[in-house]
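Notes to accompany the following structure.
Just the heavy atoms: all of them, side chains too, but no hydrogens, waters or symmetry mates, feed the values below.
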Amino acid sequence: MGKIYKSARTTLAVILIIATIFGFGYKLYDVQIVNNEFYAAQNNTVKTYKVPLPAARGDIVDRNGNPLVTNRQGNSIVLNAAYFPPSDKNDERNAIVNNLIALFNRNGEEYVHNLPLKLNKNGKPVFFDKKDDEKFESAIKAMKSRDVFNLQPYATAQNCFDAMIEKYGLEAYAEKGDYKTALEIGNIRYELTRLLFSVSNPVTIADNVSSKTIAEIKENNSYYEGADVQVVAYREYADSTLAPHILGTVRKINAEEYAELKDKGYGITDEIGESGIEAAMEQYLRGIPGEKTVTIDAEGNVTEEVTKEPSQGETVVLTIDKDLQQIAQKRLESTCKGVDYYNSTGAVVVENCNNGEILAAASYPAYDLNEYYEHYNELLKDKNNPLYNRFAMGTYAPGSTFKPMMAVAGLQEGAITENTTFDCEKFFKVRDMEFKCTDYHGGENVRTAIRDSCNIFFYNTAQRLGIEKMNLYGSMFGLGDKTGVEIPEAKGVLAGPEYRKKFDMVWRPGDTVQAAIGQSENLFTPLQLCNYCATIANGGTRYQMHFVKSRISNATGVVSETGSNAVKTLEVSENNIKIVQEGMRLVATQGGPAGVFSSLDTKVACKTGTSQVIVNGGKRNNGFLITYAPYNNPEISIASAIEIAGSGSSTAKITSSLIDYYYSHNSNEKKAQKDSTLL
């Protein structure tokens with residue numbers, strides 16, 4: 001029985017061996033005879049790579065199609081792994097990199113320097129400090145990481161330098177004491193490591209280089225092996241000082257953003273919107289990358305073919321008018337300098353009352369977009385903080401500009417009527433606290449109280465209304481809440497018990513009367529003040545404010561309109577709104593700004609405001625003005641906030657200039673362009 005079993009097992013084994021030999025033989029016949037040409041071609045192809053081709057960002061234009069941000073063609077130098085020596089040939093790589101560095105230095109070209117090491121005056125390696133790089137801590141951490149030099153967190157600059165020498169085979173330079181050259185070469189080698197250098201991912205080492213440098217690289221391919229010239233679209237500004245806080249900036253994507261966005265098609269070397277509209281409209285401004293197929297055969301021959309052309313991003317049409325924006329910036333600057341040349345700052349906003357479009361928005365001081373990165377640290381240290389967007393992020397106690405809202409609330413709730421009169425004798429007591437008015441006004445009704453900015457009238461109104469009703473109407477007008485603009489904005493604060501609870505503080509009766517005149521903790525942005533004024537002007541509809549008018553697809557020409565969005569329709573009678581409008585008209589004709597506005601052909605309505613602040617240990621007043629025009633058929637609202645201006649009336653010249661520009665026949669300032677029919 002055992003012999004039979006062994007005989008069967010042997011037979012099975014023989015059969016399997018024969019079948020295997022037959023299978024191999026058939027496969028050999030198929031490869032060498034039947035499909036010889038196909039397999040020969042396959043054998044010659046070692047690897048195929050897909051290389052992304054960057055797409056130009058979309059343009060940004062004003063409401064009339066005037067270009068604000070476009071692209072210009074420039075040239076960058078990239079290292080292409082398909083032609084560069086492999087990673088195990090450090091000497092060859094270092095020689096080419098050294099040749100490129102010498103070329104860049106000779107021609108005055110800037111090149112990448114993201115390795116956070118430098119040599120001190122004694123020639124010893126040290127880390128970058130805060131003066132050199134605001135993000136130095138994260139850069140040092142990345143350098144020490146496992147994927148780069150694989151060092152402990154406590155590793156010194158010398159440890160990092162030594163690891164660089166070893167990793168990139170720079171011992172020959174170190175032995176000669178040529179640490180400067182070793183560091184320069186290591187810096188570019190580090191950039192290749194940091195950005196995952198490969199055939200599929202070429203790495204840029206110099207941007208915006210001269211034609212002289214391009215010519216030398218092209219004429220000496222072997223000397224600069226692997227270096228290639230890439231045509232790149234760089235951001236260009238029609239006026240780099242115009243609307244920087246609105247337009248914003250672009251920069252290279254960082255590691256955290258890349259990790260989050262790589263699944264959406266972003267590459268580790270891509271640019272991304274950093275702030276403003278560039279960031280807010282990133283998904284539309286960013287183009288669709290193209291694709292290049294790189295094939296390397298067994299003998300190292302490289303072939304390239306563009307298999308997908310890149311597509312430029314969409315054109316973003318803003319609501320702002322370029323010329324009105326220029327006037328706003330110019331007048332804001334001159335006003336602030338006139339108040340206090342070195343210390344006054346401010347903001348101004350112009351809105352279409354009937355749809356929420358922002359026609360102009362300026363913050364002073366501002367900055368030049370072309371110099372943003374070059375002078376970033378200086379801008380950051382400037383005591384007046386030009387990087388701070390005051391019209392969107394600045395929050396101010398609004399002072400008496402709050403009173404029209406109080407009047408609307410009082411009238412609508414029946415706390416007062418248009419004929420209610422309160423006697424102003426300058427002083428007002430709430431329990432043991434005494435509050436003041438600016439003057440002895442005598443008997444005041446709601447219209448004259450708005451005109452004279454009588455505190456006593458609104459103290460009385462507040463006591464009848466109560467803080468809950470006051471805040472109900474404040475919220476209806478959007479005060480203490482975001483306006484909905486595309487760029488970052490502050491929420492502000494609507495003073496009241498709810499806010500105090502966050503800090504375990506008690507709300508007292510005296511706080512209510514203070515809140516009624518725009519004091520206490522009330523803090524609003526110029527955007528909110530402008531939108532609030534627009535809501536009064538148009539009869540009670542609060543629109544979402546916006547900077548983006550439309551988008552235009554560069555591929556299809558399809559226009560996507562933003563349109564208007566009515567966030568809130570106030571349940572307030574037309575007559576009550578009209579009474580408040582009449583009071584605001586009296587401010588423009590009989591109040592503080594009357595002397596300025598009397599010269600305008602356009603009738604306006606407005607309300608001034610001041611709020612006290614402490615500056616360098618002394619008491620100063622910020623000045624505010626909310627205005628709409630024309631009075632009988634409102635089209636635009638304007639809010640200005642000038643720090644340490646003294647009064648709201650002192651800001652009237654900015655508003656007057658903007659209205660004059662928008663409506664008048666002044667030969668010195670062109671009238672605002674109407675919307676382009678093409679857009």
Side-chain angles (χ1 to χ4, degrees), residues 397-430 434-467 469-471 473-474 477 479 495 510-520 522 529 532-533 535-537 540 572-594 597 604-612 621 623-628 631 647-649 652:
S400 294
T401 59
F402 194 69
K403 290 173 180 175
M405 187 283 296
M406 285 292 301
V408 171
L411 290 166
Q412 189 63 28
E413 291 297 316
I416 59 172
T417 70
E418 63 180 306
N419 298 315
T420 299
T421 300
F422 294 115
D423 194 32
C424 172
E425 296 182 351
K426 194 172 182 178
F427 297 98
F428 188 85
K429 290 199 88 174
V430 178
E434 187 173 71
F435 300 92
K436 293 193 300 183
C437 192
T438 56
D439 205 347
Y440 294 92
H441 291 121
E444 294 270 27
N445 61 41
V446 64
R447 292 179 180 86
T448 60
I450 292 173
R451 178 196 65 191
D452 299 333
S453 204
C454 178
N455 290 347
I456 304 301
F457 184 93
F458 291 101
Y459 290 155
N460 280 284
T461 303
Q463 284 196 321
R464 292 186 177 190
L465 269 175
I467 190 64
K469 289 290 185 183
M470 289 164 54
N471 283 355
Y473 281 83
F477 278 103
L479 298 173
D511 297 318
T512 299
V513 299
Q514 279 191 298
I517 61 168
Q519 302 290 343
S520 185
N522 281 317
L529 291 176
Y532 147 60
C533 181
T535 305
I536 293 175
V572 177
S573 76
E574 183 179 338
N575 187 57
N576 286 339
I577 288 282
K578 186 173 181 293
I579 291 167
V580 175
Q581 291 174 340
E582 289 169 354
M584 293 177 69
R585 174 63 180 155
L586 290 177
V587 179
T589 56
Q590 300 174 18
F597 289 144
V604 306
C606 66
K607 184 67 191 83
T608 57
T610 58
S611 62
Q612 194 174 87
N621 285 332
F624 306 92
L625 182 65
I626 57 173
T627 309
Y628 68 86
Y631 170 64
S647 70
S649 297

Min side-chain heavy-atom separation [X]-[Y] under 4.5 Å:
{"X": "Ile416", "Y": "Leu411", "value": "yes"}
{"X": "Glu444", "Y": "Asp452", "value": "yes"}
{"X": "Thr627", "Y": "Cys533", "value": "no"}
{"X": "Phe624", "Y": "Pro398", "value": "no"}
{"X": "Gln581", "Y": "Ile536", "value": "yes"}
{"X": "Val580", "Y": "Ile450", "value": "yes"}

Handout entry: Atom NZ of Lys578: over 12 foreign heavy atoms under 6.0 Å
Key =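 No, NZ of Lys578 has 12 or fewer neighbouring heavy atoms, counting only those of other groups under 6.0 Å.
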Exercise for the section: Could you tell me whether Glu574 atom CD has more than 12 heavy atoms of other residues or ligands within 6.0 Å of it? Expected result: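 At most 12 heavy atoms, drawn from other residues, nucleotides or ligands, come within 6.0 Å of this atom.
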Practice task
Show your reasoning for whether side-chain contact (heavy atoms from CB on, under 4.5 Å) applies to Lys403 and Cys454.
Solution key: CA-CA 9 Å; Lys403 290 173 180 175; Cys454 178; 6.0 Å; no
Is the side chain of [X] donor-acceptor paired with the backbone N or O of [Y] at a distance under 3.5 Å, no angle test?
{"X": "Thr461", "Y": "Phe457", "answer": "yes"}
{"X": "Asn445", "Y": "Thr448", "answer": "yes"}
{"X": "Asn522", "Y": "Gln519", "answer": "yes"}
{"X": "Arg451", "Y": "Met584", "answer": "no"}
{"X": "Lys469", "Y": "Ala409", "answer": "no"}
{"X": "Tyr532", "Y": "Met405", "answer": "yes"}

Shortest non-hydrogen contact from [X] to [Y]?
{"X": "Pro593", "Y": "Leu625", "answer": "CG-CD1, 4.4 Å"}
{"X": "Ile467", "Y": "Ala515", "answer": "CD1-CB, 4.2 Å"}
{"X": "Cys437", "Y": "Ile456", "answer": "CB-CG1, 3.7 Å"}
{"X": "Lys607", "Y": "Thr401", "answer": "O-CG2, 3.6 Å"}
{"X": "Ala516", "Y": "Phe458", "answer": "CB-O, 3.6 Å"}

Problem - Qualifying ring pair (Phe, Tyr, Trp, His ring centres under 6.0 Å) pairs with a residue from residues 435-454, counting only residues at least two apart or across chains - result: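 Residue pairs with at least one partner in residues 435-454: Phe435-Tyr459.
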Practice task
Report yes or no: do Tyr473 and Gln412 form a side-chain donor-acceptor pair below 3.5 Å?
Solution key: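 Absent: no donor and acceptor within the cut-off.
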Problem - Pair Tyr631-Glu582, side-chain contact (heavy atoms from CB on, under 4.5 Å): steps then yes or no - result: CA-CA 9 Å; Tyr631 170 64; Glu582 289 169 354; 3.4 Å; yes
Exercise for the section: Can you sort out the partners of Glu418 under salt bridge (Lys or Arg N to Asp or Glu O under 4.0 Å), two or more places apart, ordered by chain and number? Expected result: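 Once residues adjacent in sequence are excluded, the partners of Glu418 under the salt bridge (Lys or Arg N to Asp or Glu O under 4.0 Å) criterion are Arg447.
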Practice task
Run the numbers on Leu529 and Phe477 for side-chain contact (heavy atoms from CB on, under 4.5 Å), then give the verdict.
Solution key: CA-CA 9 Å; Leu529 291 176; Phe477 278 103; over 6 Å; no
Problem - Distance in Å, Ile626 CD1 paired with Cys606 SG, rounded so as to fall on 0.5 Å steps - result: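 Answer rounded to 0.5 Å: 8.5 Å.
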Exercise for the section: Could you please spell out the steps behind the side-chain contact (heavy atoms from CB on, under 4.5 Å) verdict for Val513 and Phe428? Expected result: CA-CA 10 Å; Val513 299; Phe428 188 85; 4.2 Å; yes
